[in-house]
2 protein chains.
Amino acid sequence: MKLSTKGKYGLYAMVFLAQHDGEGPQSLKAIADLGLPEQYLEQLLGALRRAGLVTTVRGAQGGYQLAADPGDITVLDIIDAMEGPVNFSDCLSAPKNACPRGENCPTRGVWEYLTVKINDLLKGVSLKDMVENNVSLQVEGENE
Amino acid sequence: MKLSTKGKYGLYAMVFLAQHDGEGPQSLKAIADLGLPEQYLEQLLGALRRAGLVTTVRGAQGGYQLAADPGDITVLDIIDAMEGPVNFSDCLSAPKNACPRGENCPTRGVWEYLTVKINDLLKGVSLKDMVENNVSLQVEGENE
DNA sequence: TTAATTCCGACTTAATTTATCGGATTTCCG
DNA sequence: CGGAAATCCGATAAATTAAGTCGGAATTAA
């Protein structure tokens, strides 16, 4: 289980925008200077815009900026926009009785459980957390 | 972020073996009757064997069986064997200063955090839990 | 008007996933 | 002993997805 470069590049770009939040639009070139392929990144930023996570200013001096407060944009938002929703099994999106294994399939519950839990995890980290380096293994909500 | 069929088929097969634990070796054909492509499954079971999760009996009346108690085999073991370890970024396996972003990369902590947390999640579900349908959103270790 | 910049669809290439095939080996059982 | 039932294994093929490239249209500040 790994993250695609799409997800990673998207997150890098969003962190960059968070770091420059309030400084006006950041050009594609400036973001790509992080070491990301410029033309590929352009596609990804298009997806982020269509997902409502960034706004753009076209034309000279234009660029990209966050569409919301860094504290209100989470890793989940970004991963969802870049890779589609976390999905461990298509059987979850199908009606229960459509599954050839029937309703008491012993794995269905696990797919549900893991999907919900991982979504919670991703939702728990915002861009603000990241730029403030607030993410550690003892963050909020811990009990182990 | 999704699970490959490798991971899913592997888990289906292991649950089947757990359901028939103690009944002697189960043939590939019997497992494939779950609706999985037989020759592909054979590869996967080979990987599970090499990972030490199943043992095999060759020859007529042979087959596969769990190498350990169902309570001692977790979803993590199976996913790791099928897809390799959960890995959100290669920068984690490299030394800290090998990363071109330097030591204070704001995403590195997130990769670490998510990797550990997801591993914990997967480790928390055993085959025993699954066959007993013990997996729900209120399982052990909850505090939200 | 020009240069900077995003936007967009089509295309290419590379990598990975998902198988399939053919035969070698092992072992039960009559 | 011989045949059938199985696993084992390396190679290959097909399909899908990921990753990256290209060329040009549209927009806008200066």
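Chain A is the first sequence line, chain B the second, and so forth, proteins listed ahead of strands; every chain is numbered from 1.
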### Query
B:Tyr64 and side-chain contact (heavy atoms from CB on, under 4.5 Å): which partner among B:Thr56, B:Leu48, B:Thr55, B:Val57?
B:Thr56
### Task
Check the distance between C:dT17's C1' and B:Tyr9's OH and give it to me in whole angstrom.
11 Å
### From A:Ile79, A:Ile73, A:Asp77, residue fulfilling side-chain contact (heavy atoms from CB on, under 4.5 Å) relative to A:Val75
A:Ile79
### Message
From CD of A:Glu83 over to P of D:dA19, roughly how many Å is that when rounded to an integer?
### Response
8 Å
### Message
So if I take every side-chain heavy atom of B:Thr5 and compare against D:dA4, C:dA19, D:dA19, which nucleotide ends up nearest?
### Response
C:dA19
### Task
Could you check which of D:dA18, D:dT28, D:dC8 has an atom nearest any side-chain atom of A:Ser4?
D:dA18
### Task
Report the distance from atom CG of B:Leu3 to atom P of C:dT16, rounded to the nearest whole Å.
18 Å
### Task
Identify which nucleotide among D:dC9, C:dT18, C:dA3 has an atom closest to any side-chain atom of B:Arg50, counting heavy atoms from C-beta outward.
D:dC9
### B:Arg58 side chain, from C-beta outward: closest of C:dT18, C:dT20, C:dT26
C:dT26
### Protein-nucleotide distance (A:Gln26, atom CD; C:dA4, atom P), rounded to Å
18 Å
### Message
Side chains of A:Phe16 and A:Gln26, heavy atoms from C-beta outward: is any pair under 4.5 Å?
### Response
yes
### Query
Do B:Trp111 and A:Lys8 come close enough that some side-chain heavy atom pair is under 4.5 Å?
yes
### Task
Report yes if at least one side-chain N or O of B:Arg49 is closer than 4.0 Å to OP1 or OP2 of D:dC8; otherwise report no.
yes
### Query
Where the side chain of B:Gln61 is concerned, which of C:dC7, D:dC8, D:dA6 is the nearest nucleotide?
D:dA6
### Message
Is there a side-chain contact (heavy atoms from CB on, under 4.5 Å) between B:Ile78 and B:Leu127? Walk through the geometry before answering.
### Response
CA-CA 10 Å; B:Ile78 300 164; B:Leu127 286 177; 3.9 Å; yes
### Query
Rounded to whole angstroms, how far apart are CG on A:Leu44 and P on C:dC7?
13 Å
### Task
Quick one: label A:Leu45 by what it contacts on the DNA or RNA (base, sugar-phosphate, nothing), any heavy atom closer than 4.0 Å.
nothing
### Query
Is the closest side-chain heavy-atom distance between A:Asp21 and A:Gln65 below 4.5 Å?
no
### Message
Measure NZ/B:Lys8 against P/C:dT17 and give the value in whole Å, please.
### Response
14 Å
### Task
Tell me what A:Lys29 touches on the nucleic acid: a base, only sugar-phosphate, or nothing, going by heavy atoms under 4.0 Å.
nothing
#### Entry: Length of the CG-C1' vector between A:Leu17 and C:dT6, whole Å
14 Å
### Task
Could you please name the option among C:dA19, C:dC7, D:dT21 that lies closest to any side-chain atom of A:Thr56?
C:dC7
### Message
Are the side chains of B:Leu34 and B:Tyr9 in contact, using a 4.5 Å heavy-atom criterion?
### Response
no
### Degree of bending in the helix from C:dT1-D:dA30 to C:dG30-D:dC1 once both end axes are built from five pairs, to 10°
10°
### Summary
Between A:Gly59 and A:Glu38, whichever has its closest DNA chain D nucleotide further toward 5' is A:Glu38
### Query
With no angle test and no hydrogens, is the base of D:dC22 tied to the side chain of A:Gln39 by a donor-acceptor pair under 3.5 Å?
no
### Message
Using only modelled atom types and a 3.5 angstrom limit, is any donor from either the side chain of A:Gln43 or the base of D:dT21 paired with an acceptor on the other?
### Response
yes
### Message
Let's see if you can work this out: which of D:dC9, C:dA3, C:dA19 has an atom nearest to the side-chain heavy atoms of B:Tyr40?
### Response
C:dA19
### Task
Round to a whole Å and report the spacing from CD1 of A:Ile79 to P of D:dA18.
13 Å
### Query
How do A:Gly7 and A:Val57 order along DNA chain D: which one's closest nucleotide is nearer the 5' end?
A:Gly7
### Query
Between B:Val15 and B:Val131, is any pair of side-chain heavy atoms under 4.5 Å apart?
yes
